[in-house]
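Indexing begins at 1, ligand by ligand and atom by atom, following the structure's order. Since this is a predicted model, take the numbers as computed values, not measurements.
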Amino acid sequence: MDLKMDLKKEFEMIFHRSDSIKYFLAPGRVNLIGEHIDYNGGYVFPCALNFGTYALVRKRDDNRIRMYSKNFNHVGIIEFHLEELVYEKNHDWANYPKGVIKIFKDNGFKVDKGLDILFYGNIPNGSGLSSSASIEMVMGVLLKEMFNINISMVEMVKMAQRAENEFMGVNCGIMDQFAIGMGKEDNAILLDCNTLEYEYAPISLKDHVIVIANTNKKRGLADSKYNERRRECEEGLHGLQEKLSIDNLCDLNREQFEENKLSINDEVVRKRAKHAVYENERTKKAVKALNDNNIHEFGKLMNESHISLRDDYEVTGYELDTLVELAWKEEGVIGSRMTGAGFGGCTVSIVEKNRVDEFIANVGEAYKNVIGYEADFYVATIGNGAREI
Ligand code: GLA
C-alpha cells in the first residue's frame with residue numbers, strides 16, 4: 001500500500017507527528033440509471049467506485065480541528081475550534097467535513113476532542129462522481145470510529161445529506177451519500193428513495209465494461225441550477241396535488257401522469273415532472289432487464305434516460321451531449337448517458353470489452369475536435385462503501 005505510506009509521510013510533514021494515526025476511505029459513485037429522481041421519491045441505481053477520498057486522522061489533546069487537503073494544498077491548513085462550527089467562505093472545501101461534525105454534534109453525539117486530518121481524493125473534483133458526498137462520508141466514518149459513536153451506516157448517510165443541505169445549502173437528495181456509505185463490490189444498489197428500502201444487484205457484464213468519461217467542463221452554476229430543478233419539481237407536484245393525493249412525483253406511473261398532467265400549468269414544469277415519472281419507470285425496467293441478462297434493453301433505457309435529461313429535464317449541455325452522441329455512434333456501445341447532476345461532469349457507457357481501446361481513442365479524438373479540449377476516460381470497477389482501511 002504505497003499510497004498509505006506516502007500519505008503518512010505527508011501527514012507527518014504537515015502535522016509533525018504521525019503516531020497512532022488511522023486511515024479511512026470513502027469511494028466516489030456512479031449512477032447507472034435513475035437520474036434526478038432521488039428527491040422525487042423514485043428509484044435510483046448507483047454503485048460505489050474503487051477510488052475516492054482518503055482521510056488520515058490523529059486525535060489531539062485540545063479541541064482544535066486542523067484539516068489539510070493534498071488536493072488543495074495552496075489553501076494550507078484550515079483550523080477551527082469544536083465550538084466554532086459555522087460555514088466560512090474562506091474555509092473553502094473544509095466546510096463539507098466541518099458541516100458533518102456540526103450535524104453529529106447537533107444530533108447529540110459526543111465529539112469532544114480535536115483532530116488533525118489529512119485528506120486526499122482521487123475523484124476528479126466537480127466531475128459529478130460525488131467528491132462532496134465522498135468527503136462527507138469519510139468524515140462520518142472517521143468520527144464514528146474516533147469517538148466510538150454508536151450509529152448505523154444509514155443514519156450516517158442521512159446526516160451527511162443534512163450537512164450538505166443545511167450547512168452547504170445544496171438541496172441534494174440521498175442517492176450519493178447512500179451509494180457511498182452502502183456500496184458493495186461488484187454490485188449496484190437499487191434504492192427506493194421514498195422508503196430507503198434497498199437491494200443489491202450483482203453487476204456481471206461478462207463481455208462488457210462500464211466506462212466513465214469526464215467532459216472536463218468547469219461546472220460554474222451547477223448548484224444553483226440543481227436547486228432550481230428541485231423547485232420546479234415541487235411546483236409540478238403541487239399542481240398535481242390539486243387533483244391527486246400523492247406525496248411524490250414518482251408515486252405516479254406514466255398513464256396516471258398523462259391523464260393528469262394538465263393540472264400543471266407551466267409547460268416547462270410539466271416537462272420536468274414528466275422526466276421524473278418516466279425516469280422512475282425506466283429505472284425499474286432497467287433493473288429487471290439486467291436481472292434477465294438483457295443487457296441490450298438496459299442500454300436502450302440508458303439512452304432514453306439521456307434523451308429525457310437532455311430534452312425534458314435540460315441538465316445536459318453541449319459537452320455531455322457531444323460525448324454521449326459520439327459514444328452512440330461507436331460499435332460495441334450498448335448504452336451511454338450522462339450521470340450525476342449534469343451541467344458538465346461525466347457520462348457512463350456500457351462498452352464491449354474488446355472494443356474499449358478503440359472506443360476511448362475514437363470518442364476522445366472526436367470530442368477534442370468538437371470541444372477543443374480533452375475528455376478523460378476510466379474503466380470503472382465497483383468497490384465497497386466508506387470504511388476504515
Ligand atoms: C446529485 C445529487 C443527488 C442526485 C443527482 C442526480 O448528484 O447529489 O442527490 O439528485 O445529482 O440524480
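- Salt bridge status for Glu228 with Arg231: absent, with no side-chain N to carboxylate O gap under 4.0 Å.
- Where the criterion is an N or O separation shorter than 3.5 Å, residue side chain and backbone included, Ser130 fails it with respect to ligand 1.
- Classification of Glu267 and Arg270 as a salt-bridged pair fails, no side-chain N sitting under 4.0 Å from a carboxylate O.
- Using modelled atom types and a 3.5 Å distance limit, the side chains of Ser134 and Arg29 yield no donor-acceptor pair.
- Proximity to Tyr39 (heavy-atom distance under 4.0 Å) selects the following atoms of ligand 1: 10 (O).
- When only non-hydrogen protein atoms are considered, atom 5 (C) of ligand 1 lies nearest to Met175 CE, 3.8 Å.
- Within ligand 1, the atoms closer than 4.0 Å to a non-hydrogen atom of Tyr226 are 1 (C), 2 (C), 3 (C), 4 (C), 9 (O), 10 (O), 11 (O), numbered from 1 in the order shown.
- Salt bridge absent: Arg272 and Asp312 never bring a charged side-chain N and a carboxylate O closer than 4.0 Å.
- When atom types are taken as modelled, the side chain of Arg387 and the backbone of Gly385 share a donor-acceptor pair closer than 3.5 angstrom.
- An N or O contact shorter than 3.5 Å links Asp176 to ligand 1 by distance.
- Atoms of ligand 1 found under 4.0 Å from any heavy atom of Gly340 (numbered from 1 in listed order, with element): 6 (C), 11 (O).
- Taking every non-hydrogen atom of Asp38 and a distance limit under 4.0 Å, the qualifying atoms of ligand 1 come out as 3 (C), 4 (C), 9 (O), 10 (O).
- The existence of a salt bridge linking Glu155 and Lys158 is confirmed by a sub-4.0 Å separation between a basic side-chain nitrogen and an acidic carboxylate oxygen.
- Taking 4.0 Å as the cut-off between side-chain N and carboxylate O, Glu35 and Arg337 count as a salt-bridged pair.
- Considering backbone and side-chain atoms together, Arg29 places an N or O closer than 3.5 Å to an N or O of ligand 1.
- Close contacts of ligand 1 with Gly173, meaning ligand atoms under 4.0 Å from a residue heavy atom, involve 9 (O).
- In summary, the atoms of ligand 1 found under 4.0 Å from a heavy atom of Glu35, numbered by their order in the structure, are 6 (C), 12 (O).
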